[in-house]
Amino acid sequence: MNKTELVDAIAAECDLSKVAAQRALDAVINNIVKAVKAGDTVQLVGFGSFGAGTRAERTGRNPRTGEEIKIAAAKTVKFTAGKAFKDAING
């Protein structure tokens, strides 16, 4: 399912126009991004949690030459699925 299909499903299930469903989905995504960027964790009970993590600097290899390269430290996004979501997937 892509974003357009998700908007269509939200519009149908909530009896909204596609434009309203698109705006609602965009608002949810934008607010999750803002919160995680600010260092907060977003917890959606029954779905999961979004948070920020860090990845330390490490040494990697260039696959073409085999030369060692330094991979810089970076911030990452973590998602941890909630129990209800896991249970729904596992049946």
*With Arg55, which residues qualify under side chain to side chain contact (heavy atoms under 4.5 Å, CB included), at least two apart?*
Arg58, Thr76

*Following the transitive rule for hydrophobic clusters with a side-chain heavy-atom cut-off under 4.5 Å over Ile, Leu, Val, Met, Phe, Trp and Tyr, establish whether Val42 and Val77 coincide in one cluster.*
no

*Closest heavy-atom pair and its distance - Thr41, Ser49*: CG2-CB, 4.2 Å

*Side chains of Phe50 and Leu44: does their closest heavy-atom pair fall under 4.5 Å?*
yes

*Residues which pass side chain to side chain contact (heavy atoms under 4.5 Å, CB included) with Thr59, listed by chain and number, not counting sequence neighbours*: Glu68, Lys70

*asked:* With a 6.0 Å cut-off (strictly less than), is the heavy-atom count around CD of Glu57, excluding the residue itself, greater than 12?
replied: yes

_In this structure, would Phe79 and Leu6 fall into the same cluster of hydrophobic residues linked by side-chain contacts under 4.5 Å?_
no

*Same cluster (ILVMFWY, side-chain, under 4.5 Å), Met1 and Ile10*: yes

Just distance, no hydrogens or angles: give the donor-acceptor pairs under 3.5 Å from side chains in residues 24-31, sequence neighbours left out.
unit_1	atom_1	unit_2	atom_2	d
Asp26	OD1	Lys3	NZ	2.7
Asp26	OD1	Gln22	NE2	3.1
Asp26	OD2	Gln22	NE2	3.0
Asn30	ND2	Asp26	O	3.2
Asn31	ND2	Ala27	O	2.7

*Non-hydrogen atoms of Arg64 and Asn62 that approach each other most closely*: N-OD1, 2.9 Å

*Write down the atom of Ala11, the atom of Ser17, and the distance for their closest heavy-atom approach.*
CB-O, 4.0 Å

*asked:* Once rounded to the nearest 0.5 Å, what's the spacing between atom NZ of Lys86 and atom CG of Asn90?
replied: 9.0 Å

*Can you tell me how far the OG1 atom of Thr80 sits from the CZ atom of Phe47, to the nearest 0.5 Å?*
11.5 Å

